[in-house]
Peer 1: 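My questions all concern the structure below.
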Amino acid sequence: MTRTRKPARTVLISGASIAGPALALWLHRYGFVPTVVERAPELRSGGYKVDLRGTAVEVCKRMGIMDEVRARSTDMRTGSYVDAENRVVGEMPAEFFGGRAGDDDEIMRGDLAAILHERTRADVEYLFGDSIASLAEDEDGVLVTFEHAPPRRFDLVVGADGMHSHTRRLVFGDEARFARHLGAYISIFTAPNDLELDRHEAYHALPGKLVCAYSSRGQTTAKNMFVFASPELAYDHRDTAAQKRLLADAFAGDRGWEIPRLLTNAESADDFYFDSIGVIETDRWSRGRVVLLGDAAHCASPASGQGTGLALLGAYHLAGELAAAQGDFEPAFAAYERHMRPGVEHCQRFAEKFVGEMTVDRKWKIRLRMLMMRMLPKMPWRNLVAKKITQDVQRMAHAVPVKEYARVSGLQRA
Ligand SMILES: Cc1cc2nc3c(=O)[nH]c(=O)nc-3n(C[C@H](O)[C@H](O)[C@H](O)COP(=O)(O)OP(=O)(O)OC[C@H]3O[C@@H](n4cnc5c(N)ncnc54)[C@H](O)[C@@H]3O)c2cc1C
């Protein structure tokens, strides 16, 4: 006799950044009972600016958060390239730099996480300062032990805990099997706004390297960003001092523009971020009752500029499929992955090419780009060129179409 499986209702989500709280919002609307566990002691604020483009904007509208996103938009106005002597080579509208069009917007990652948390905190249980310790799946659910909280059973577990996902490691195996380094490293941190930037981003390119400083609306501080081409480096992910040394070594001897000053800022930054620009490639996103979401499933790297959008789109479709299948998780997980995967792979391919653009290796190529930047604002066909460049980004921003689900279909309660 075949046993009918009880529809899933309780869902543990690991990670409270973008994908986790967005999924919690949708699951709650559909009548599921989500719980979110986050390793950090409180919601992580700050971070860098993230673009919301294309179909991700449509999902934000459906979540009812787009007005808040606009209210907290970075409101960037302009971007420029500067040469080693601090002369502006060319200046363009910020939309051009971000490849944004129509209703697209840009927000600090921490502000978006705060909006999603504010929207869900009354209805969703959040366990901060904790982490899954072990997962044991059986016919009826998953027994979860935590580092601090007592053990609990859930029907489903979602790993939304980022590129270095702990859930993925527990269920799918070591990160080394899924992570592919794209040949560059990125570092970003908060710094004094010594350059007095106002909603402006300034870039300086040198062979194999890119340096940027920007300040967005309402910020008294700036962000400094460094990107450099490098084969994979061996270092301890928890050792910030070692990462700061790697960054200093990579730019040692580069005296142009404001590089020495920005490097000094790195030394005292307390939100110093350093990571490989890399992608996560897993051949499947679910195993049994555990499913991966956002960067944990398919990090497309900062070079795609689509990770946040994909996290929001994934949350929308995973919840939608679970509701449409009335909690029958196997077909729901399969439908979610089938729908998302082609768009995700498109974004990863874009990232792979774009890393090369961020770390142009030859001086003459950089000179050519600077010449383009200088000439473009004066060219009669500048809008056509800008459109062509934006087109590739826009194609990627629409690579995952938004599927229709019955509006808040209501889960049939078991
Ligand atoms: C410099 C930079 C620039 C970027 N620019 C853009 C952009 O312009 N546009 C864009 O769309 N994307 C951009 N991204 C990518 C974007 O930030 C990510 O793709 C997005 O945040 C993914 O969201 P996520 O919720 O899946 O994972 P994450 O944001 O990585 O969040 C994972 C969460 O899980 C938590 N966690 C980790 N381990 C555990 C554990 N053991 N237990 C519980 N919780 C845990 C973490 O603390 C964190 O809160 C950028 C990224 C970087 C680094």
Side-chain angles (χ1 to χ4, degrees), residues 12-24 35-54 56-57 60 74 76 97-100 104-110 112-113 116-117 126-133 135 144 146-149 157-170 175 184-189 201 210 212 214 223-227 237 271 273-280 292-315 344 347-348 351 354 358 393 396-397:
L12 176 68
I13 303 167
S14 174
S17 172
I18 306 299
L23 179 70
T35 299
V36 183
V37 58
E38 163 61 49
R39 190 180 51 187
E42 57 195 26
L43 197 71
R44 294 170 64 188
S45 60
Y48 31 82
K49 56 189 179 64
V50 293
D51 287 299
L52 291 173
R53 310 186 187 91
V57 172
C60 288
T74 57
M76 296 299 284
F97 269 79
R100 290 186 291 279
D104 297 357
D105 215 322
E106 191 182 49
I107 185 168
M108 300 305 282
R109 189 211 58 86
L112 181 58
L116 293 167
H117 181 238
Y126 278 86
L127 304 170
F128 282 102
D130 211 340
S131 172
I132 295 172
L135 297 165
V144 182
F146 295 94
E147 280 177 8
H148 301 293
V157 174
V158 182
D161 38 14
M163 181 184 187
H164 305 295
S165 170
H166 175 62
T167 312
R168 192 184 58 230
R169 192 165 39 245
L170 286 176
E175 181 171 317
Y185 283 83
I186 184 164
S187 173
I188 189 157
F189 47 86
E201 48 198 313
L210 184 66
C212 168
Y214 66 84
K223 300 283 177 192
N224 294 169
M225 183 183 84
F226 289 82
V227 176
H237 287 272
D271 62 349
Y273 170 91
F274 182 91
D275 212 334
S276 147
I277 297 188
V279 290
I280 293 292
L292 301 175
L293 178 67
D295 274 9
H298 50 63
C299 176
S301 91
S304 74
Q306 281 297 118
T308 305
L310 291 175
L312 294 171
L313 283 154
V344 161
C347 296
Q348 291 182 330
F354 197 67
M358 293 168 95
V393 177
M396 181 173 56

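Start at 1 and go down the list; that is how both ligands and their atoms are numbered.
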Peer 1: Of all heavy-atom pairs between P41 and F128, which one has the smallest distance, and what is that distance?
Peer 2: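 Here P41 and F128 meet closest at O-CB, 3.2 Å.
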Peer 1: Which ligand 1 atoms, with their elements, are less than 4.0 angstrom from a heavy-atom of H166?
Peer 2: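 This gives 41 (N) as the contact atoms.
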Peer 1: Could you tell me if any non-hydrogen atom of S14 lies under 4.0 Å from any atom of ligand 1?
Peer 2: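 Flag set, S14 near ligand 1.
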Peer 1: Please could you name the atoms of ligand 1 that Y273 approaches to less than 4.0 Å, counting only its heavy atoms?
Peer 2: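 Checking each atom against Y273, I get 53 (C).
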Peer 1: So which protein heavy atom does atom 35 (C) of ligand 1 come closest to, and at what separation?
Peer 2: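 Nearest neighbour among protein heavy atoms for atom 35 (C) of ligand 1, to 0.1 Å: E38 OE1, 3.2 Å.
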Peer 1: Between I18 and A311, what is the shortest heavy-atom contact and its length?
Peer 2: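 Shortest heavy-atom contact: CG2-CB, 4.1 Å.
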Peer 1: Give a yes or no answer on whether the side chain of K223 reaches the backbone of G47 with a donor-acceptor pair at less than 3.5 Å.
Peer 2: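 Checked: pair present.
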Peer 1: For ligand 1, find out whether one of its N or O atoms is nearer than 3.5 Å to an N or O atom of R109.
Peer 2: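 It does not: no N or O of R109 is found under 3.5 Å from an N or O of ligand 1.
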Peer 1: Taking the side chain from E147 and the backbone from R39, do they hold a donor-acceptor pair closer than 3.5 Å?
Peer 2: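 A pair under 3.5 Å: no.
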Peer 1: For atom 34 (O) of ligand 1, which of the options D161, I13, D295 provides the nearest non-hydrogen atom?
Peer 2: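 The option holding the nearest heavy atom is D161.
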Peer 1: Using a 4.0 Å cut-off to any heavy atom of K49, which atoms of ligand 1 qualify?
Peer 2: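 So the atoms of ligand 1 that pass are 5 (N), 8 (O).
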Peer 1: Quick check: does any side chain N or O of D104 sit under 3.5 Å from a backbone N or O of G54, one acting as donor and the other as acceptor?
Peer 2: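 Such a contact is found between D104 side chain and G54 backbone.
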Peer 1: Not counting sequence neighbours, which residues clear salt bridge (Lys or Arg N to Asp or Glu O under 4.0 Å) with D130? List them please.
Peer 2: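 Here no residue qualifies.
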Peer 1: Considering only residues two or more places apart or on different chains, which pairs with a residue in residues 40-52 satisfy salt bridge (charged side-chain N to carboxylate O under 4.0 Å, His left out)?
Peer 2: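 Those involving residues 40-52 are K49-E106, K49-E201, D51-R53, D51-R100.
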Peer 1: Say whether, by atom type as modelled, one donor and one acceptor occur between the side chain of E175 and the main chain of H166 under 3.5 angstrom.
Peer 2: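 No: the side chain of E175 does not pair with the backbone of H166.
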Peer 1: Look at the aromatic rings of H117 and Y126 and report parallel, tilted or perpendicular, splitting at 30° and 60°.
Peer 2: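 The rings of H117 and Y126 stand perpendicular, inter-plane angle above 60°.
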Peer 1: To check you understand the geometry: which heavy-atom pair defines the closest contact between I188 and Y214, and what is its length?
Peer 2: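 Heavy-atom minimum between the residues: CD1-OH, 3.9 Å.
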Peer 1: Look at atom 31 (O) of ligand 1 and say which protein heavy atom is nearest, naming residue and atom and giving the distance to 0.1 Å.
Peer 2: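 Looking only at protein heavy atoms, the one closest to atom 31 (O) of ligand 1 is S17 CB, 2.9 Å.
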Peer 1: Please identify which atoms of ligand 1 are closer than 4.0 Å to at least one heavy atom of G309.
Peer 2: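 Matching atoms, with element in brackets: 11 (O).
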Peer 1: Under 4.0 Å from a heavy atom of V37: give me the atoms of ligand 1 that qualify, with their elements.
Peer 2: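 Selected atoms, number and element: 43 (C), 44 (N).
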Peer 1: Restricting to non-hydrogen atoms, name the atom on S301 and the atom on G278 that form the minimum distance, rounded to 0.1 Å.
Peer 2: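 That closest heavy-atom pairing would be CB-O, 3.2 Å.
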Peer 1: Could you check atom 30 (O) of ligand 1 against the protein and tell me its nearest heavy-atom contact, residue, atom and distance included?
Peer 2: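 Closest protein heavy atom to atom 30 (O) of ligand 1: G162 CA, 3.5 Å.
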Peer 1: Nearest heavy-atom pair of L293 and G314: which atoms, and what distance?
Peer 2: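 Closest heavy-atom pair between L293 and G314: CD1-C, 3.3 Å.
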Peer 1: Would one find an N or O of M163, backbone or side chain, under 3.5 Å from an N or O of ligand 1?
Peer 2: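 In this structure, M163 places no N or O atom under 3.5 Å from an N or O of ligand 1.
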Peer 1: Against heavy atoms of I186, which atoms of ligand 1 measure under 4.0 Å?
Peer 2: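 Numbered from 1, ligand 1 contributes 1 (C).
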Peer 1: Quick one: look at A160 and ligand 1, take heavy-atom pairs under 4.0 Å, and tell me if it's side chain, backbone, both or neither.
Peer 2: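 Backbone only.
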Peer 1: Is the closest N or O pair between I188 and ligand 1 shorter than 3.5 Å?
Peer 2: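 So ligand 1 has no N or O lying under 3.5 Å from an N or O of I188.
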Peer 1: Hey, is ligand 1 close enough to L293 that some N/O pair sits below 3.5 Å?
Peer 2: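 Between L293 and ligand 1, no N or O pair is found under 3.5 Å apart.
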Peer 1: With heavy atoms under 4.0 Å as the rule, classify the contact between A40 and ligand 1 as side chain, backbone, both or neither.
Peer 2: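 For A40, no heavy atom sits under 4.0 Å from ligand 1.
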Peer 1: For atom 43 (C) of ligand 1, what's the nearest protein heavy atom and its distance?
Peer 2: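 Atom 43 (C) of ligand 1 sits closest to the protein heavy atom R39 N, 3.2 Å.
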Peer 1: Counting non-hydrogen protein atoms only, what is the nearest one to atom 16 (C) of ligand 1? Give residue, atom name and distance.
Peer 2: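 Protein heavy atom with the smallest distance to atom 16 (C) of ligand 1: T308 OG1, 3.4 Å.
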Peer 1: For I18, take its heavy atoms, then give the atoms of ligand 1 lying under 4.0 Å from any of them.
Peer 2: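 Result: 21 (O), 23 (O), 25 (O).
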Peer 1: Could you list which atoms of ligand 1 come closer than 4.0 Å to a heavy atom of G294?
Peer 2: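 Once the distances to G294 are compared, the set is 26 (O).
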Peer 1: To the nearest 0.1 Å, how far is atom 41 (N) of ligand 1 from its closest protein heavy atom, and which atom is that?
Peer 2: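 Here the closest protein heavy atom is S131 OG, 3.0 Å.
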Peer 1: Considering non-hydrogen atoms only, spot the tightest contact between V36 and A16 and give its length.
Peer 2: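 Nearest heavy atoms, V36 then A16: CG1-CB, 3.8 Å.
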